[in-house]
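Here is the structure we will look at.
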Number of protein chains: 2
Amino acid sequence: MTRAERLAALLERLVSDGKIDVEHSADHFDVSAATIRRDLDYLAEQQLLARTHGGAVPNSTSYDLPLRYKSTSRGEAKTRIAQRAVEMLWPGCTVSLNGGTTTVEVARAIPSAEPLHHGITVVTNALNIATELTVRPFIKIVVCGGVARPQSYELVGALATETLSQLTPDICFLGAIGLDPEAGITTNDEAESAINRVMVKQAKRTVVVIDSSKLGTVGFSRICHVSEVAAILTDSGADSQMVATLRSHGVEVILA
Amino acid sequence: MTRAERLAALLERLVSDGKIDVEHSADHFDVSAATIRRDLDYLAEQQLLARTHGGAVPNSTSYDLPLRYKSTSRGEAKTRIAQRAVEMLWPGCTVSLNGGTTTVEVARAIPSAEPLHHGITVVTNALNIATELTVRPFIKIVVCGGVARPQSYELVGALATETLSQLTPDICFLGAIGLDPEAGITTNDEAESAINRVMVKQAKRTVVVIDSSKLGTVGFSRICHVSEVAAILTDSGADSQMVATLRSHGVEVILA
DNA sequence: TCCCAAACGAACAGATATGAACATATCATG
DNA sequence: CATGATATGTTCATATCTGTTCGTTTGGGA
């Protein structure tokens with residue numbers, strides 16, 4: 001049994017039993033109590049449950065979100081990218097996130113417990129990110145208006161453009177479907193690319209967060225050219241030729 | 001029995017009995033009176049109840065108990081209210097929903113499969129409702145901007161007011177903490193009541209959806225007077241005296 | 001007002017849970 | 001195969017929970 005499976009099983013147990021007992025779970029999963037405690041601490045950090053002495057109980061919001069813990073493809077690469085991304089933040093900064101699996105990981109990686117990251121304001125047009133971060137303490141979450149797109153949970157349209165145009169975050173982490181030196185940064189929906197373009201334009205600094213498998217990929221609608229962003233943050237699996245090409249275009253490339 | 005379970009049970013006992021007796025509870029849970037006292041002190045510290053000599057009583061905010069402590073006993077009443085509410089909709093109509101457990105039920109009750117309810121547009125300031133409805137086919141979901149409130153998932157603030165002021169839905173289903181002929185329709189947060197007031201003002205017709213246990217209850221901040229809404233939709237458990245009083249104020253009362 | 005039983009808070013002690021530190025094992029990667 | 005990173009187990013000092021005791025306070029009745 002992998003760690004991810006155990007975490008998911010713990011959450012299922014929490015939902016079905018209403019509580020988790022450390023000793024009993026350690027016995028059931030055949031691991032030490034220390035491991036279960038570390039698991040529970042990790043889940044508590046993400047507000048998926050509340051620790052108690054001897055175990056854990058559901059927190060006030062976890063009823064609606066039992067299956068939030070899903071492992072994604074290339075999950076470990078995205079996690080590394082996300083951890084590198086949050087290192088760029090500072091107390092009191094404002095950060096914008098668009099929709100996408102990588103930006104969700106960035107949102108999850110924002111450590112609300114550490115004083116180092118207190119007072120961060122997150123602006124987003126992604127409903128799932130907003131819902132997840134709402135329960136986090138010490139994070140102010142601002143949502144733009146708009147019409148929700150079923151596939152990506154992103155808010156798009158005139159309302160979204162209008163509200164985002166009023167805000168100027170310090171840094172924008174931009175997720176995308178593809179990134180190519182020629183075709184630029186692309187997504188699959190023209191409404192999404194339109195609102196994402198506004199986010200890039202408004203932010204003082206934009207960092208593209210994208211796993212290496214998407215480098216060289218071209219989606220339907222362009223958000224912007226690579227020269228319009230400050231940096232590209234990807235994982236170490238990136239093709240070195242591609243990295244060199246991007247750097248020759250004057251874009252900073254960070255490998256996590 | 002764990003400490004967490006005992007705390008939850010104490011709060012449930014408080015809700016059902018209206019008070020807690022230290023000695024009796026110590027006997028019932030098979031712990032010492034000192035433990036019960038410490039439990040009650042802990043809960044009082046969190047403003048979940050008020051200590052008395054020999055026990056505890058609900059405090060003024062105990063209806064704001066965290067979700068995990070709330071009894072689900074009124075679930076079927078809310079379901080009936082929700083089903084009656086969606087009967088008021090028609091194909092192509094626009095409906096606004098604020099946050100709250102009852103409005104969530106209304107959102108869930110909107111049948112996206114039936115052609116009868118095709119093309120419905122839902123406007124909401126509640127993130128959880130928006131997230132849940134986003135995956136439904138044939139429903140267009142519009143979200144206002146704003147800052148997210150952790151307790152209720154509602155978007156509030158200037159951005160929310162601004163965006164909602166641009167929209168005029170056909171009907172608004174309004175959830176609330178309390179409804180009283182004199183004190184009006186109330187909630188516990190002034191920022192929420194402000195944005196809810198805008199929703200009432202913008203909608204062509206407002207229907208309050210509220211379970212009968214909240215009739216006569218008064219929260220901290222008024223959304224509007226009962227005369228400002230078109231109808232009150234509650235369950236058949238409503239006190240007949242209260243219903244008569246409300247009707248004498250010229251408000252339509254619907255019992256589901 | 002006075003009195004007293006019940007309730008309370010503080011202090012202590014035993015049992016259990018916890019966190020930190022370190023050691024070991026597993027795994028992906030070059 | 002070597003290496004670094006991550007996950008897990010073990011140990012021990014510390015923290016938390018609970019029950020008990022005891023002196024003090026509270027609230028109601030004479």
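Just so it is clear: chains get the letters A, B, ... in the order the sequence lines come, proteins before strands, and each one is counted from 1. Here the structure is a predicted model, which means the values were calculated and not measured.
In this structure, B:Thr2 reaches neither bases nor backbone, as no heavy-atom distance under 4.0 Å exists between it and the strands shown.
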Output a table of nitrogen or oxygen pairs between the protein and nucleotides 23-30 of chain C separated by less than 3.5 Å.
none

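Among the nucleotides D:dT16, D:dG9, C:dC8, the one closest to the side chain of A:Arg38 is D:dG9. The side chain of A:Arg51 has C:dT18 as its nearest neighbour among C:dT18, D:dG19, C:dG9. Closest to the side chain of B:Ser32, out of D:dG19, C:dG9, D:dG9, is D:dG19. Listed nucleotides D:dT10, C:dT18, C:dC8 differ in distance to A:Arg37; the shortest reach to its side chain belongs to C:dT18. Here D:dT8 is the nucleotide among D:dT18, D:dT8, D:dG19 with the atom lying nearest to any side-chain atom of A:Arg3.
Where A:Asp21 and A:Ala34 meet DNA chain C, the nucleotide closest to each residue was compared, and A:Asp21 sits on the side nearer the 5' end.
Residue B:Arg6 places no side-chain N or O under 4.0 Å from the OP1 or OP2 atom of D:dC17. For the OP1/OP2 pair of D:dG27 and a distance below 4.0 Å, the side-chain nitrogens and oxygens of B:His53 include at least one atom meeting the criterion.
The CG atom of A:Leu40 sits 5.5 Å away from the CD1 atom of A:Ile20 when rounded to the nearest 0.5 Å.
B:Lys78 and B:Thr101 share a side-chain donor-acceptor pair at under 3.5 Å.
Distance alone, capped at 3.5 Å, is enough to place a donor-acceptor pair between the A:Thr234 side chain and the A:Ile210 backbone. Using modelled atom types, no side-chain atom of A:Glu154 and backbone atom of A:Glu192 make a donor-acceptor pair closer than 3.5 Å.
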